[in-house]
J.: 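I am attaching a structure below and will ask some questions about it afterwards.
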Amino acid sequence: MMCQCGQVNLLAEKKDADKLAIEDLTKQAKTQSGPMATLTRARRDQLKVEIAAENAIEKTIKQANKNLLKAVEAATRTIRIQVILAYNDEQLVQYILESGYGLAVDEFIEQADKIREITQRMVDAVDYGFDISEINQQVEALQATTAQAVFDEIILPDVKKSLNQSLRDIIAEVPVDIAMSNLQVNLERSEGRQLTQVKTQISEYGRAITAVTAEAAGLDHYLYTGPKDGITRPFCRALIDLVVDQDQMRKLNNGQGLSVLTGGGGYNCRHSWSPVTEGFIEAANLKKATQSDISKANRGAKRK
């Protein structure tokens with residue numbers, strides 16, 4: 001059995017980072033005034049909703065794993081297991097959904113709706129007279145794409161692979177208790193990767209809504225907001241509180257293969273882009289990024 005302590009530590013570090021981020025944003029807002037303070041508080045509240053969504057989905061995934069284990073174990077005591085052994089891939093995925101993962105999908109959609117609502121408040125904080133309801137179809141498409149990226153491309157394939165292995169064990173007459181133990185280990189082993197993807201996709205979903213809103217409103221300047229604590233990536237540290245235009249955005253590279261506009265500094269990033277008007281930039285006395293700032297961020301992304 002492979003050790004899971006490293007994975008557990010990473011998840012614990014993420015939770016600590018989330019707590020530090022909220023505390024730091026709260027402190028920032030207290031030192032600010034006017035529109036900038038409003039925006040920082042809105043970003044803090046958005047981060048709280050994203051964290052709550054991640055925790056709710058994590059809890060649901062763990063429960064779905066338990067439900068699947070119980071369902072398969074119960075099936076091994078009846079002729080039902082022979083039916084499951086004959087399932088094709090599509091039928092196996094349907095069985096997984098019916099055995100508990102359907103609830104995880106529902107939970108993800110519910111949490112995505114909450115993120116959509118809080119992102120509207122982020123938009124309102126800048127107050128450039130745009131109603132996010134005007135782009136409902138685009139946002140709904142983003143939500144569907146995000147759910148597909150999480151479940152169809154990551155979680156369900158992982159679960160199906162683990163279940164297939166256990167079914168092969170049963171066919172090979174491996175004792176049921178050992179087959180079930182192996183299934184449990186494999187499901188738990190996949191949780192860390194799945195939850196990292198969930199966090200990344202949730203953050204990208206919020207940023208994508210913001211990006212679509214900015215495009216529809218005709219905005220091409222973005223303020224980078226977020227915590228300034230000791231665990232902030234060099235890439236992010238170089239950009240915090242700076243305004244970046246679209247040309248500069250295209251030149252940024254977080255070094256992790258993710259779009260900077262929707263992925264920020266990369267996996268588990270706690271920062272966000274806020275579209276801003278020229279009026280907001282002037283009112284909040286914001287600084288526009290220079291080519292030197294962009295180069296510094298990109299150099300920071302290459303640090304391991």
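Heavy-atom basis, side chains included; hydrogens, waters and symmetry copies ignored. Each residue takes its place number in the sequence, starting with 1.
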J.: Nearest 0.5 Å, what's the CG-CD1 distance between Leu85 and Ile171?
T.: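 Reported value, rounded in 0.5 Å steps: 5.0 Å.
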J.: Is a donor on one side and an acceptor on the other found under 3.5 Å between the side chain of Ser203 and the backbone of Thr200?
T.: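 Answer holds: no.
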J.: For a quick check under 3.5 Å, do Arg233 and Asn268 share a side-chain donor-acceptor pair by atom type?
T.: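 No, because no side-chain N or O of Arg233 sits under 3.5 Å from a partner of the opposite role on Asn268.
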J.: For Gln28 and Pro227, which heavy atoms make the closest approach, and how far apart are they?
T.: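 Gln28 and Pro227 have their closest heavy atoms at NE2-CA, 3.7 Å.
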J.: Considering only NZ, NE, NH1 and NH2 on the basic side and carboxylate oxygens on the acidic side, decide whether Lys228 and Asp241 come within less than 4.0 Å.
T.: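 So Lys228 pairs with Asp241 through a salt bridge.
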J.: Please walk me through it: do Asp89 and Lys160 pass salt bridge (Lys or Arg N to Asp or Glu O under 4.0 Å)?
T.: CA-CA 8 Å; Asp89 280 354; Lys160 187 178 69 171; 3.6 Å; yes
J.: Please say yes or no: joined through hydrophobic side-chain contacts below 4.5 Å, possibly via intermediate residues, are Leu47 and Leu239 part of one cluster?
T.: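 Hydrophobic grouping puts Leu47 apart from Leu239.
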J.: As an exercise, state the distance from CD1 of Ile84 to CD1 of Ile79, rounded to the nearest 0.5 Å.
T.: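 Ile84 CD1 to Ile79 CD1: 12.0 Å, rounded to 0.5 Å.
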J.: Would Leu223 and Leu242 count as a side-chain contact (heavy atoms from CB on, under 4.5 Å) if you check the C-alpha gap in whole Å, the side-chain angles of each, and the deciding distance to 0.1 Å?
T.: CA-CA 6 Å; Leu223 171 66; Leu242 294 180; 5.8 Å; no
J.: Got a donor-acceptor contact below 3.5 angstrom from the Arg80 side chain to the Ala75 backbone?
T.: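 Looks like no, no N/O pair under 3.5 Å.
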J.: Do Val105 and Val150 come close enough that some side-chain heavy atom pair is under 4.5 Å?
T.: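 A side-chain contact under 4.5 Å is absent here.
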J.: When you group the ILVMFWY residues by side-chain heavy-atom contacts below 4.5 Å and let the links chain together, are Tyr267 and Ile231 in the same group?
T.: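 No; Tyr267 is not reachable from Ile231 via cluster members.
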J.: Angle class for the Tyr87/Tyr95 ring planes (parallel below 30°, perpendicular above 60°, tilted otherwise)?
T.: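 Tyr87 vs Tyr95 ring planes: tilted.
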J.: Just how far is it from atom CG of Leu261 to atom OG1 of Thr210, taken to the nearest 0.5 Å?
T.: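 Going from the CG atom of Leu261 to the OG1 atom of Thr210 covers 9.0 Å.
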J.: Can a donor-acceptor pair be found between the side chains of Tyr222 and Asp245 at a distance below 3.5 Å?
T.: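 Side-chain D/A pair, Tyr222 to Asp245: absent.
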J.: How many angstroms lie between CD in Glu140 and CD in Gln138, if you round to the nearest 0.5 Å?
T.: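 Here the interatomic distance stands at 10.5 Å.
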J.: Quick check: do Thr60 and Tyr101 have side-chain heavy atoms less than 4.5 Å from each other?
T.: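 A side-chain contact under 4.5 Å is absent here.
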J.: Which atom pair, heavy atoms only, marks the closest approach of Met249 to Val244?
T.: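 What the structure gives for the nearest pair is N-CG1, 3.5 Å.
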J.: Please check if the side chain of Arg207 supplies one atom and the backbone of His271 the other of a donor-acceptor pair under 3.5 Å.
T.: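 Yes; judged by distance alone, with no hydrogens or angles, the pair exists.
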J.: Hey, mind stepping through Leu92 and Leu167 against side-chain contact (heavy atoms from CB on, under 4.5 Å) and telling me if it holds?
T.: CA-CA 11 Å; Leu92 198 59; Leu167 294 176; 4.1 Å; yes
J.: Do the side chains of Glu204 and Lys199 get close enough for a salt bridge, i.e. N-O under 4.0 angstrom?
T.: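 No, this pair does not count.
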J.: Give a yes or no on whether a salt bridge exists between Asp158 and Arg189, defined as a side-chain N under 4.0 angstrom from a carboxylate O.
T.: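 No, this pair does not count.
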J.: Test Phe235 against Val260 for side-chain contact (heavy atoms from CB on, under 4.5 Å), laying out the working first.
T.: CA-CA 11 Å; Phe235 174 87; Val260 172; 4.0 Å; yes
J.: Hey, what do you get for CG (Asn186) to CG (Leu163), rounding to the nearest 0.5 Å?
T.: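 Asn186 atom CG to Leu163 atom CG measures 10.5 Å (nearest 0.5 Å).
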J.: Do Phe108 and Leu97 sit in one hydrophobic cluster, given that two such residues count as connected whenever their side-chain heavy atoms are within less than 4.5 Å of each other, even indirectly?
T.: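 Yes; tracing contacts between hydrophobic side chains, which count when under 4.5 Å, links both residues.
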J.: For Gln291, I'd like to know if atom CD has over 12 heavy atoms of other residues, nucleotides or ligands within 6.0 Å.
T.: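 Correct, the count exceeds 12.
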J.: Do Lys296 and Arg299 come close enough that some side-chain heavy atom pair is under 4.5 Å?
T.: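 Yes; the side chains approach each other to less than 4.5 Å.
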J.: When you compare the side chain of Glu54 with that of Asp18, does any pair of heavy atoms fall below 4.5 Å?
T.: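 The answer is yes, as the side chains (C-beta and beyond) meet within the 4.5 Å cut-off.
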J.: Using distance alone, with no hydrogens and no angle criterion, decide if Thr290 and Asp293 have a side-chain donor and acceptor under 3.5 Å apart.
T.: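 Distance-only check passes for Thr290 and Asp293.
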J.: Quickly, which of Arg43, Lys114, Arg44 forms a salt bridge (Lys or Arg N to Asp or Glu O under 4.0 Å) with Glu50? Name it, please.
T.: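 Going through the options one by one, the only one that passes is Arg43.
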J.: Do any N or O atoms from the side chain of Gln194 and from the backbone of Ile154 form a donor-acceptor pair under 3.5 angstrom?
T.: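 Such a contact is absent between Gln194 side chain and Ile154 backbone.
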J.: Do Leu183 and Leu156 sit in the same hydrophobic cluster, where Ile, Leu, Val, Met, Phe, Trp and Tyr count as joined when their side-chain heavy atoms come under 4.5 Å apart?
T.: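 Leu183 and Leu156: one cluster.
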J.: Is there a continuous path of hydrophobic side-chain contacts, each under 4.5 Å between heavy atoms, that joins Val93 to Ile81?
T.: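 Result: yes, single cluster for both.
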J.: Check whether any side-chain heavy atom of Asp106 sits under 4.5 Å from a side-chain heavy atom of Glu110, and report yes or no.
T.: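 No. Closest side-chain heavy atoms not under 4.5 Å.
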J.: Between Glu191 and Asn65, is there a side-chain donor-acceptor contact under 3.5 Å, judged purely by atom types and distance?
T.: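 Indeed, the side chains of Asn65 and Glu191 share at least one donor-acceptor pair under 3.5 Å.
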J.: Could you check whether Glu188 and Gln184, counting side-chain N and O atoms only, form a donor-acceptor pair closer than 3.5 Å?
T.: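 Yes, side-chain donor-acceptor contact under 3.5 Å.
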J.: Checking the side chain of Asn298 only, and the main-chain atoms of Asn253 only, is there a donor and an acceptor separated by less than 3.5 Å?
T.: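 Yes; judged by distance alone, with no hydrogens or angles, the pair exists.
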J.: Would Ile209 and Arg116 count as a side-chain contact (heavy atoms from CB on, under 4.5 Å) if you check the C-alpha gap in whole Å, the side-chain angles of each, and the deciding distance to 0.1 Å?
T.: CA-CA 8 Å; Ile209 294 176; Arg116 178 176 178 172; 4.3 Å; yes
J.: Quick one: closest heavy-atom pair of Ala71 and Ser99, and the distance?
T.: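 Taking every non-hydrogen atom into account, CB-OG, 3.9 Å.
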J.: Under 6.0 Å from the CD atom of Glu215, do we count more than 12 heavy atoms belonging to anything else shown?
T.: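 No, because the 6.0 Å sphere around CD of Glu215 holds 12 heavy atoms or fewer from other groups.
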J.: For the residue pair Trp273 and Tyr224, categorise the inter-ring angle as parallel (less than 30°), tilted (30 to 60°) or perpendicular (more than 60°).
T.: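 Tilted: the ring planes of Trp273 and Tyr224 meet at 30° to 60°.
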J.: Check whether the side chains of Gln143 and Tyr205 place a donor and an acceptor atom closer than 3.5 Å, and report yes or no.
T.: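 Indeed, the side chains of Gln143 and Tyr205 share at least one donor-acceptor pair under 3.5 Å.
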J.: May I have the step-by-step check of side chain to side chain donor-acceptor pair (under 3.5 Å) for Gln32 and Thr40, ending in yes or no?
T.: CA-CA 9 Å; Gln32 298 166 340; Thr40 299; 2.6 Å; yes
J.: Answer whether the closest heavy-atom distance between the side chains of Val243 and Lys287 falls below 4.5 Å.
T.: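 No. Closest side-chain heavy atoms not under 4.5 Å.
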J.: Which atom names give the shortest non-hydrogen contact between Gly206 and Ile115, and what distance separates them?
T.: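 Answer, listing the atom of Gly206 first, then Ile115: CA-CG2, 4.2 Å.
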J.: Going from CD on Gln111 to CD1 on Ile202, what distance comes out if it is rounded to the nearest 0.5 angstrom?
T.: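 Separation between the atoms: 7.0 Å.
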J.: So, for Leu187 and Leu69, which heavy atoms are closest and what is the spacing to 0.1 Å?
T.: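 Scanning both residues, the minimum pair turns out to be CD1-CG, 4.1 Å.
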J.: What closest approach, in Å, do Met36 and Ala284 show between heavy atoms, and which atom pair accounts for it?
T.: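 For Met36 and Ala284, the tightest heavy-atom pair comes out as CB-CB, 4.2 Å.
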J.: Any side-chain to backbone donor/acceptor pair from Ser181 onto Asp177? Under 3.5 Å, distance only.
T.: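 No.
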